[in-house]
*Asks:* 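One structure, pasted below without further comment.
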Amino acid sequence: STYLATTNGNVGIGTTSPASLLSVQGNGLFSGNVSLANLTATGTMNVLGLTTLVNASTTQISVSNTAYFPGSGIWNSSGNVGIGTTTPSSLLDVYSATAAVQGFSGGATKGKWTMGYDVTNNLFAIASSSSITSNVRMVIDNQGNVGIGTTGPNHPLHVWKDDATTNAVTNVMRLTHTTTGTPANGIGTGLSFTAERGDGAEEHVAGIQALFSNVASTLGALTFHTAAGGSLTEKVRIDSTGNVGIGTTSPASLLSVQG
């Protein structure tokens, strides 16, 4: 039935008590375009075709409670977005019972990288493939151990290199030091070993340094240091000729001991 109210000019289709200028009770079909200043859906609104937001640069989509999207997506009133979960606790919360990951692709000729939580193995992983368990390059386990080249790190930093070499050394780490100035004798790089003192402060214990004793001739040396009172001092040096110096920085023979 169609009803035209005489009190305020409201039109009702399928209802005898229209509450708005146009009140429709039941289904409606529009074969053309419908222009609306605002749209409020008090029930469920199903959109079977594409939805295009043309002028949404400022308001975009606003949510007063929770919005659900196909594919287990959700956007709640706190601004949290959930993918695979209806209870996101972070700005972006991705859930999966096996692998909560994100993929990065540069096209068919560039390959794909995957990063995220390998739930099955309880690891945060980075892999150069579309699977978080294939071609894994780095992991962090639930103890905070970092593994490079291994998915089972048993130290805070565990580096593993697997190749076909059987009778030669393979370098698994490289330390480099460059300068914005002009390199001079003594430039190099090193490793410093520290530990907690009795008062809880961090203190130097020992160190290993690799340096140029003559930068122009690229003559290298390897030095070993120990600490006393927090200061590292050189104790042993191996120079570019293979001479070893204990207590001296210029060994003149295969073993030079001063002191």
*Asks:* Might you point out which heavy atoms bring Leu211 and Gly186 nearest each other, and give the distance in Å?
*Replies:* CB-O, 3.8 Å
*Asks:* Do Ser131 and Ser129 have side-chain N/O donor and acceptor atoms under 3.5 Å apart?
*Replies:* no
*Asks:* Group every Ile, Leu, Val, Met, Phe, Trp and Tyr by side-chain heavy-atom contacts under 4.5 Å, then state whether Val257 and Val236 land in the same group.
*Replies:* yes
*Asks:* For the pair Ser213 and Arg237, evaluate side chain to side chain contact (heavy atoms under 4.5 Å, CB included) and give the outcome as yes or no after the intermediate values.
*Replies:* CA-CA 11 Å; Ser213 58; Arg237 174 179 292 233; 4.3 Å; yes
*Asks:* Strictly by modelled atom types, are Thr114 and Lys112 linked by a side-chain donor-acceptor pair under 3.5 Å?
*Replies:* no
*Asks:* Rounded to the nearest 0.5 Å, what separation is found between the OG1 atom of Thr189 and the CD1 atom of Ile208?
*Replies:*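 Between atom OG1 of Thr189 and atom CD1 of Ile208 there are 11.5 Å.
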*Asks:* Rounded to the nearest 0.5 Å, how far does CG of Leu123 lie from OG1 of Thr151?
*Replies:* 6.5 Å
*Asks:* To the nearest 0.5 Å, tell me how far Met115 CE sits from Arg137 CZ.
*Replies:*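 Nearest 0.5 Å value for the CE-CZ distance: 16.0 Å.
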*Asks:* Just by modelled atom types, is the Ser89 backbone N or O under 3.5 Å from a matching donor or acceptor in the Asp93 side chain?
*Replies:*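 Yes.
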*Asks:* Give the cluster check for Ile140 versus Ile132: same hydrophobic cluster or not, with ILVMFWY residues linked at side-chain heavy-atom distances below 4.5 Å.
*Replies:* no
*Asks:* Show your working on side chain to side chain contact (heavy atoms under 4.5 Å, CB included) between Glu196 and Glu202 and close with a plain yes or no.
*Replies:* CA-CA 5 Å; Glu196 183 181 0; Glu202 182 184 10; over 6 Å; no
*Asks:* About how many Å separate CZ of Phe212 and CG of Asn185, when rounded to the nearest 0.5 Å?
*Replies:* 10.0 Å
*Asks:* Show the nearest heavy-atom pair for residues Val172 and Val159, with the distance to one decimal.
*Replies:* O-CG1, 3.6 Å
*Asks:* Write down the atom of Pro153, the atom of Asp141, and the distance for their closest heavy-atom approach.
*Replies:*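 What the structure gives for the nearest pair is O-OD2, 3.5 Å.
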*Asks:* Go through it in stages, so that I can follow the logic: the residues are Tyr117 and Val94, the test is side chain to side chain contact (heavy atoms under 4.5 Å, CB included), and I'd like the CA-CA distance, side-chain angles, deciding distance and then a yes or no.
*Replies:* CA-CA 9 Å; Tyr117 180 32; Val94 180; over 6 Å; no
*Asks:* Is Val146 linked to Val139 within one hydrophobic cluster, defined over Ile, Leu, Val, Met, Phe, Trp and Tyr using a side-chain heavy-atom separation of less than 4.5 Å?
*Replies:*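 No, Val146 does not connect to Val139 through the hydrophobic network.
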*Asks:* Could you tell me whether the side chains of Thr223 and Glu234 share a donor-acceptor contact shorter than 3.5 Å?
*Replies:* no
*Asks:* Would you confirm whether Asn214, through its side chain, and Ala216, through its main-chain N or O, come within 3.5 Å as a donor-acceptor pair?
*Replies:*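 Yes.
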*Asks:* Are a donor atom and an acceptor atom from the side chains of Ser192 and His204 found within less than 3.5 Å of each other?
*Replies:* yes
*Asks:* Would Ile187 and Val215 count as a side chain to side chain contact (heavy atoms under 4.5 Å, CB included) here? Give the steps.
*Replies:* CA-CA 8 Å; Ile187 189 173; Val215 69; 4.3 Å; yes
*Asks:* Give a yes or no on whether the backbone of Leu92 and the side-chain of Ser90 come within a donor-acceptor separation of less than 3.5 Å.
*Replies:*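 Absent.
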*Asks:* Verify side chain to side chain donor-acceptor pair (under 3.5 Å) between Lys235 and Thr226, making sure each step is shown before the conclusion.
*Replies:* CA-CA 7 Å; Lys235 298 301 191 298; Thr226 58; 2.9 Å; yes
*Asks:* Looking at every non-hydrogen atom in both residues, tell me the closest pair between His158 and Thr150 and how far apart they are.
*Replies:*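 Heavy atoms only, the tightest pair is O-CG2, 3.7 Å.
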*Asks:* Any sub-3.5 Å donor-acceptor pair from Thr248's side-chain atoms to Gln258's backbone N or O?
*Replies:* no
*Asks:* To check you understand the geometry: which heavy-atom pair defines the closest contact between Ala125 and Val136, and what is its length?
*Replies:* CB-CG1, 4.3 Å
*Asks:* With no hydrogens and no angle check, just 3.5 Å: does a side-chain donor-acceptor pair link Thr179 and His177?
*Replies:* no
*Asks:* When rounded to the nearest 0.5 angstrom, what is the spacing between CG in Asn145 and CG in Leu157?
*Replies:*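 The CG atom of Asn145 sits 9.5 Å away from the CG atom of Leu157.
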*Asks:* Quick check against the 3.5 Å criterion: does Ser256 have a side-chain atom that pairs as donor or acceptor with the backbone of Ser253?
*Replies:* yes
*Asks:* Let me check something: do Ile148 and Leu175 share a hydrophobic cluster, defined by ILVMFWY side-chain heavy atoms less than 4.5 Å apart, either directly or through other members?
*Replies:* yes
*Asks:* If we only count heavy atoms from C-beta on, is the Glu203 to Val205 side-chain gap below 4.5 Å?
*Replies:* no
*Asks:* For the atom pair CG (Asn121) and CG (Asn142), what is the distance rounded to the nearest 0.5 Å?
*Replies:* 11.5 Å
*Asks:* Side-chain heavy atoms nearer than 4.5 Å, only ILVMFWY residues, links allowed to pass through others: does that put Leu219 and Phe224 together?
*Replies:* no
*Asks:* Between Ala127 and Ser134, which heavy-atom pair has the shortest distance, and what is it?
*Replies:* CB-O, 3.3 Å
